[in-house]
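Notes follow the structure.
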Amino acid sequence: MLAFVIRRIMQSAAVMLAVALIAFLMFRFVGDPVNQMVGVDTPQEEVARLRESLGLNDPTIVQFGRFIGNALRFDFGVSYQFRQPVTRLLAERAPATLELAFTAAAFALVVGLIMGVYCALRRDSWLAQLFQAISLIGVSLPTFLIGILLIYLFAVVLGWLPSNGRGQVVKIGDWWTTGFLTTSGLRALVLPAITLGLFQMTLIMRLVRAEMLEVMRTDYIKFAKARGLRTRSIHFGHALKNTLIPVITIAGLQLGSIIAFAIITETVFNWPGMGLLFLKAVQNVDIPIMAAYLMLIGLLFVLINLLVDLTYGLVDPRLRIAMRS
Amino acid sequence: MTEPVISVRDLRVEFVTRKGILRAIDGVSFDIMPGEVLGVVGESGAGKSVTGSAIIGLIEPPGRIAGGEIRLHGQRIDNLDPESLRRIRGRKIAMIFQDPLTSLNPLYRVGEQLVETILTHTDLGPAAARARAIDLLNEVGIPAPERRIDGYPHEFSGGMRQRVVIALALCAEPDFIVADEPTTALDVSVQAQIIALIRKLCRERGTAVMLVTHDMGVIAETADRVAVMYAGRVAEIGPVRDVVKHPLHPYAKGLMGAIPTLEAEAERLVQIPGSMPRLSNIPLGCAFNPRCERVFDRCRVERPDPNVPRFGLEGEAPLMPGHHVACHLYTRKTVETAS
């Protein structure tokens, strides 16, 4: 087990190194950072001095080494547009994105699972057919359109929920702010979370349905029925547990993309998160923020993958053996 | 005379498909006495497994029991509601499946599966159920059961898993077990052990067994009586010695002739020409008539009933009591029978 974990961590480190290389190359090839920092009338010697002090004259490999060293200390330099450390900018906005992403993921997982199980067990009921039809819409409609439709319906026409922002937030500890503790914060969370989670929800629903139908056809379910076990136990014990194995992988990986794709939802709802920050950075060629964001998303994906692999062992006893060897 | 444990009368099972209704089982009747093993043989698709599924009430849509009766200790069970049927399954009737590798839920410990089944069907508490589970594992011949009970199915070999499957079937001491090809997926040496185990349980507990297989060797070793099925019908049924040694139905003759033996210096194994008809295309009269060497006109129009009295042919062994055959050949009263 330990060897398995260590091996996976090494692999993760290699992936992160590759991501870092791409992030670093952005500095080299997407415009000259010095031009972004100095004014038009800055004297040439001043520019040269700045270039030297930033280490831009060193060999590329040395610069890359320095980038890695800084990244390990969570130092991604200073944002060109805000003149503030990138890490602090991201940390300020991380709670908004993470709260949105986890709410969306929880929504997608819980609702998707319930609907999927229902569709598998009551395959021919009209409600199951309706869920199937809705899931097609969820899979095919683009996120921004869903967001705009939801805003139109619930914010403009019905006026039930706010259309943008995070509502009132409460500060917890040094840097975390949460919208979970105020009514306006919770209300503001509803529409963005549904928008962000809808695609994943339909995906999970369809996956759970397909997997569960598959499991219900297996011999061990037939044997469980032949033993006269209670239907509830067969459906929600024997069948569901086996259904969840592939669902864990997909749901885990989807959490990464929920965080990454929060960009669009944050834009639609003017949500003050990392995605919105990233989009502004792209518009203003603010490379340090772009690089840091890239590294952060890469790290999230790698960590989630690692966690998913480790959870397998908890759910499936057969893999514990495979991990040990 | 004792009452049969299971009594099947004129059972018909149909599958509704887009192309029409397929009759997988057509007019099957038999009884099984306490402690008796009825072997059911036939080619794939002859309806052996479907008969087993019908008795235990596990025909899934689009299949349905379209007619006939299934009685357990004289009480009809084919028309029970799902919940009453569930209470009978596992408690009165159990089933053993073909592939022990896929019959056990991979995510549950063997003990968990046993204990759940015991708790479902008996009044035992969790601790007593666990003790009973250990006893059962011991009875089916699993060494160190108190340790193995906490193992997962993948930690057991194929033969050991089939023993676990049998232990699971025995949880509530059923009166009747459907064993659907219980040895097909196992090594020959393990097969013999499993057969011996089923035989022993049958003798000791008086459990009736319907043993579905296409292995004649297994039938000869285990069964008391044997039913030969063809295209969803019983072609021949009788005591195992009579049917195996002196098969009457041309299909049964072909089936027995296709078994290689070491003693007989046979030039070639006997083959039955052709293949079993599709369920959508079963011929009129006797289902076997297009492949039968001894077919005559009556076979093509009138379906032979296995329950009418039959008579042995001249120069062949006489029909023994309890030996029934669905073949018009044996209707002609040309020879006086021995009994």
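In what follows, chains are A, B, ... by sequence order, proteins preceding strands, each numbered from 1. Bear in mind that the values here come from a model prediction, so they are computed numbers and not experimental data.
The two residues A:A226 and B:M95 come nearest to each other via the heavy atoms CB-CB, 3.9 Å. Residues B:S103 and A:F223 approach most closely at O-CD2, 3.2 Å, considering heavy atoms.
Contact annotation: the side chain of B:T102 never approaches that of A:T218 to less than 4.5 Å [non-hydrogen atoms, C-beta and beyond].
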Problem - Worked verdict on A:D219 versus B:D99 for side chain to side chain contact (heavy atoms under 4.5 Å, CB included) - result: CA-CA 8 Å; A:D219 283 354; B:D99 190 352; 4.3 Å; yes

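By the neighbour-count criterion of 12 heavy atoms within 6.0 Å, atom CG of B:D81 is densely surrounded, having more than that number from other residues, nucleotides or ligands. Counted within 6.0 Å of CD on B:Q75, heavy atoms from surrounding residues, nucleotides or ligands total 12 or fewer; the atom is thus considered open. Annotation for A:Q11: atom CD counts as buried by contact number, over 12 foreign heavy atoms lying within 6.0 Å.
B:H121 places no side-chain N or O within donor-acceptor distance of the main-chain N or O of A:L229, the cut-off being under 3.5 Å. A distance-only check finds a donor-acceptor pair linking the side chain of B:R86 to the backbone of A:G228 [under 3.5 Å].
Proximity to chain A involves both the backbone and the side chain of B:L107, based on heavy atoms less than 4.5 angstrom apart. Looking at B:L168, both its backbone and its side chain come within 4.5 Å of chain A, counting heavy atoms on both sides. Proximity to chain A (any heavy atom under 4.5 Å) is shown, for B:V178, by neither the backbone nor the side chain. Using a 4.5 Å cut-off between heavy atoms, B:I88 does not touch chain A at all. Interface remark: A:I245 contributes side-chain atoms only to the contact with chain B (heavy atom separation under 4.5 Å).
Note on ring orientation: taking the six-membered ring where Trp is involved, the planes of B:Y108 and A:H238 are parallel (angle under 30°, cut-offs 30° and 60°).
Residues in residues 99-123 of chain A take part in these salt bridge (Lys or Arg N to Asp or Glu O under 4.0 Å) pairs, two or more places apart or across chains: A:E99-A:R166.
Below 4.5 Å, heavy atoms of chain A meet heavy atoms from B:Q113, B:E116, B:T117, B:T120, all part of residues 112-120 of chain B.
A salt bridge is defined here as a Lys NZ or Arg NE, NH1 or NH2 lying under 4.0 Å from an Asp or Glu carboxylate O, and A:K225 with B:E60 meets this definition.
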